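This report refers to the structure that appears directly beneath it.
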Amino acid sequence: MRRFPPLKALYSFVAVAETGSMTQAAAALNISHSAVSQAIKSLETLVDQPLFHRIGRRVELNAAGQRYYKAVAPPLEQIVHATEALRTPSDSKRITLNMINSLAMQWWIPKVPEFQAYAPQIDVRTSNLVGQFSLEEEGVDVALIHGIPSEWQNYYCEKLADDELVLVCHPNLCQETQAVSTLLQQYPVIAATNAHRANDWAQWCKQHKVPVPTFSDHLTFASSAQAVQATYRQLGLLVTHRLFVKDDIQQGILTLLGHPVLHPTQGFYFVCAHERLTEEKILSLRHWMRVEFGNE
């Protein structure tokens, strides 16, 4: 008869493997150190071989343990996610919406009252994961992606809008009669230098046929949200993404200089799992976003 390893032993094994410590594993599982130690011993007895190297107070997977971890950890993770899914009723009105922090601060937060008026029954919670990730593993229902669709081929991915780069400044720094080239010589420039924004200035300058200016000391920032804040403070000129400052331009908080430049590769996309498109809350959010982005 086949011998099935106890689930508690498997969870203890994975926790120790991931923390490298029986003490930390016990804390993560909310059980005693002795319970974890006993679970590991019972599992090693079951497979008739050690699974860890003991190095002082720390433990590391040996070759057999590494093979075993690769085989058992993913199914246990699936059990956790399946359990969490059952704990959340399928008719729940909560949506976890992921977008980059700059988009959340400069676009979503100002739009929250409008969405609440449109769908008061839906509770939207935001997350700010960056790069590619699994929506299911991260507990994300919908992602508003600022990037390229090829990174999301396993999901429903609908384009909402093109991405446009704009040059902006505080109204106090410019006059209608001043040429953009003059302003670029007169004032320092502000830049967001993370990997997704590092080429914004180069793209804008190429289309306007002006040289890329030298970035100023103390005016380069890790995120677009920080760079926009510096622009509010009249510290210089900024090339950023139009959606990030659309409301600021409309309200006269910032001034648009020159003409917008279409980003050659990026856009804004609505992303979710294909099977989620039957849910009313997901469809409601998609419809609202389509209207906001001018697609309906």
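All values reported here derive from a predicted model rather than from experimental measurement.
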Set of residues satisfying ring-ring contact (aromatic ring centres under 6.0 Å, His included) with respect to [X], sequence neighbours excluded:
X: His259; result: His208
X: Tyr11; result: none
X: Phe52; result: Phe13

Check: Shortest non-hydrogen contact from Gly258 to Leu256?
Finding: O-CG, 4.0 Å
Checklist line | Closest heavy-atom pair and its distance - Val271, Tyr155 | finding: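 Nearest pair, atom of Val271 first, then Tyr155: CG1-CB, 3.7 Å.
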Side chains of [X] and [Y]: do they bring a donor and an acceptor to under 3.5 Å?
X: Tyr156; Y: Glu158; answer: yes
X: Asp200; Y: His241; answer: yes
X: Thr19; Y: Ser21; answer: no

Note to self: Any side-chain to backbone donor/acceptor pair from Gln226 onto Ala222? Under 3.5 Å, distance only.
What the structure shows: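 Here the side-chain-to-backbone pair exists.
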Checklist line | Any donor-acceptor N/O pair, Asn98 side chain to Leu129 backbone, under 3.5 Å | finding: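 The answer is yes, because a donor-acceptor pair under 3.5 Å joins these two groups.
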Check: Hey, is CD on Glu60 packed in by over 12 heavy atoms from elsewhere, all under 6.0 Å?
Finding: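 Atom CD in Glu60 is not packed in, count stays at 12 or less.
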Checklist line | Check ion pair Asp123-Arg94 (N to O, under 4.0 angstrom) | finding: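 Salt bridge flag = yes for Arg94 with Asp123.
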Notebook entry, point to check: Are Glu44 and Lys41 close enough for a salt bridge, meaning some N to O gap below 4.0 Å?
Noted result: no
Next item on the list: Check whether the ring centres of His146 and Phe244 lie less than 6.0 Å apart, and answer yes or no.
Entry: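 For His146 and Phe244, the ring centres are under 6.0 Å apart.
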Check: Is the closest side-chain heavy-atom distance between Tyr68 and Leu61 below 4.5 Å?
Finding: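 In short, these two side chains do not touch, never coming nearer than 4.5 Å.
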